[in-house]
Amino acid sequence: RKEVEQDPGPFNVPEGATVAFNCTYSNSASQSFFWYRQDCRKEPKLLMSVYSSGNEDGRFTAQLNRASQYISLLIRDSKLSDSATYLCVVNKGSNDMRFGAGTRLTVKP
Amino acid sequence: NAGVTQTPKFRILKIGQSMTLQCTQDMNHNYMYWYRQDPGMGLKLIYYSVGAGITDKGEVPNGYNVSRSTTEDFPLRLELAAPSQTSVYFCASSYPGFDQPQHFGDGTRLSIL
């Protein structure tokens, strides 16, 4: 089993749609969680950290379920500029990060 | 406002050649990392460092070496390049703390032929 698993997609959605991505992780002792976005042939950039209480940043909402070892990202009112690959990242401890392979999103007009 | 700077951006090597990928950061981050990303895959940690003089192996360290003589610089060395090392290499840095996000350079695309 991979340490961090994501649905690879691609997700093709129209502008304005709501889309959700899921991620599962295998190490129950993992300490922190993040969503990064990566544009084609570019470096990953932090989208948001994920907290146990859930957190929201504008159109983006992240949730963490430690009992199920599951992380989610919800994007509301999708924009063309949201088209990217979304990486689920889990910190096992001592800044030893494990990256999922990413979920690709394409938002179409 | 440089952040994390990687050089070179592109390189083609022949099998058996060696090279050093340079990484420098100006954010005074203690922690630095090297990752590789193969097509369609997630990033895999090669080596990381929690401060000058301290380095540790990550998930895929074989075929690579690192050093950390200053806080700012964290070079990655390939001694005997192999085709399996064709990849995109990303350097990153962060503050200490498990809740600290990493900041990435824009990558080095390396092809070994």
Side-chain angles (χ1 to χ4, degrees), chain A residues 1-10 21 23-53 55 57 60 62 64 66 71 84-104, chain B residues 2-7 9-10 21 23 25 27 29-51 54-61 68 74 87-111:
Chain A
R1 182 184 173 189
K2 291 181 182 177
E3 291 192 72
V4 181
E5 294 206 63
Q6 294 183 248
D7 181 343
F21 305 139
C23 171
T24 58
Y25 60 96
S26 61
N27 188 332
S28 60
S30 297
Q31 297 182 341
S32 56
F33 310 88
F34 307 89
W35 283 103
Y36 280 71
R37 98 171 248 163
Q38 186 173 26
D39 294 296
C40 188
R41 301 177 74 82
K42 298 285 190 181
E43 74 276 21
K45 291 185 178 178
L46 178 69
L47 179 65
M48 57 198 305
S49 301
V50 187
Y51 303 115
S52 295
S53 54
N55 48 303
D57 182 3
F60 299 85
L64 167 64
R66 283 189 183 271
I71 305 157
T85 296
Y86 290 83
L87 306 175
C88 174
V89 183
V90 174
N91 188 341
K92 292 175 58 177
S94 300
N95 288 75
D96 185 0
M97 301 285 224
R98 292 288 186 258
F99 285 72
T103 298
R104 201 164 61 142
Chain B
V4 179
T5 303
Q6 291 183 236
T7 57
K9 292 198 182 326
F10 306 93
L21 282 65
C23 176
Q25 52 93 10
M27 296 175 281
H29 286 163
N30 295 81
Y31 287 22
M32 295 187 74
Y33 315 81
W34 274 106
Y35 294 90
R36 59 177 287 171
Q37 185 176 30
D38 299 324
M41 305 291 285
L43 279 72
K44 292 190 183 297
L45 183 65
I46 305 171
Y47 271 95
Y48 66 101
S49 167
V50 299
I54 306 169
T55 61
D56 280 294
K57 294 179 180 179
E59 199 179 351
V60 290
R68 184 95 182 271
F74 190 39
S87 192
V88 181
Y89 291 84
F90 289 104
C91 178
S93 70
S94 74
Y95 289 115
F98 64 85
D99 59 342
Q100 294 299 313
Q102 296 181 6
H103 301 264
F104 286 82
D106 53 11
T108 295
R109 296 184 181 280
L110 180 62
S111 294

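Small disclaimer: the values here were computed from a predicted structure and weren't measured.
Sparse packing is recorded around CZ of A/R104, with 12 or fewer heavy atoms of other residues, nucleotides or ligands lying under 6.0 Å away.
Residues B/R109 and A/R41 have side chains in contact (heavy-atom distance under 4.5 Å, counting atoms from C-beta outward). Annotation: side chain of B/Y35 is in contact with side chain of A/M97 (closest heavy-atom distance under 4.5 Å). Contact of the A/N91 side chain with the B/D99 side chain is not registered, since no non-hydrogen atoms from C-beta on lie closer than 4.5 Å. The shortest distance between side-chain heavy atoms of B/K44 and A/R98 does not fall below 4.5 Å.
For the set A/Q6, A/K2, A/E43, the count of heavy-atom pairs under 4.5 angstrom toward chain B peaks at A/E43. Of all the listed residues (B/G107, B/A92, B/G40, B/G105), the one sharing the greatest number of non-hydrogen pairs under 4.5 Å with chain A is B/G105. Here A/A101 is the residue among A/G100, A/P8, A/C88, A/A101 with the most heavy-atom pairs under 4.5 Å with chain B.
In this model, a donor atom of one side chain and an acceptor atom of the other lie less than 3.5 Å apart for A/Q38 and B/Q37.
Using a 4.5 Å cut-off between heavy atoms, B/F90 touches chain A through its side chain atoms alone. Residue A/Y51: no heavy atom, backbone or side chain, is found under 4.5 Å from chain B.
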- Query: After noting the C-alpha distance and the side-chain angles of A/V89 and B/L43, does the key distance pass the side-chain contact (heavy atoms from CB on, under 4.5 Å) rule?
  - Reply: CA-CA 10 Å; A/V89 183; B/L43 279 72; over 6 Å; no
- Yes or no on side-chain contact (heavy atoms from CB on, under 4.5 Å) for A/F34 and B/Q102, after CA distance, side-chain angles and deciding distance? CA-CA 10 Å; A/F34 307 89; B/Q102 296 181 6; over 6 Å; no
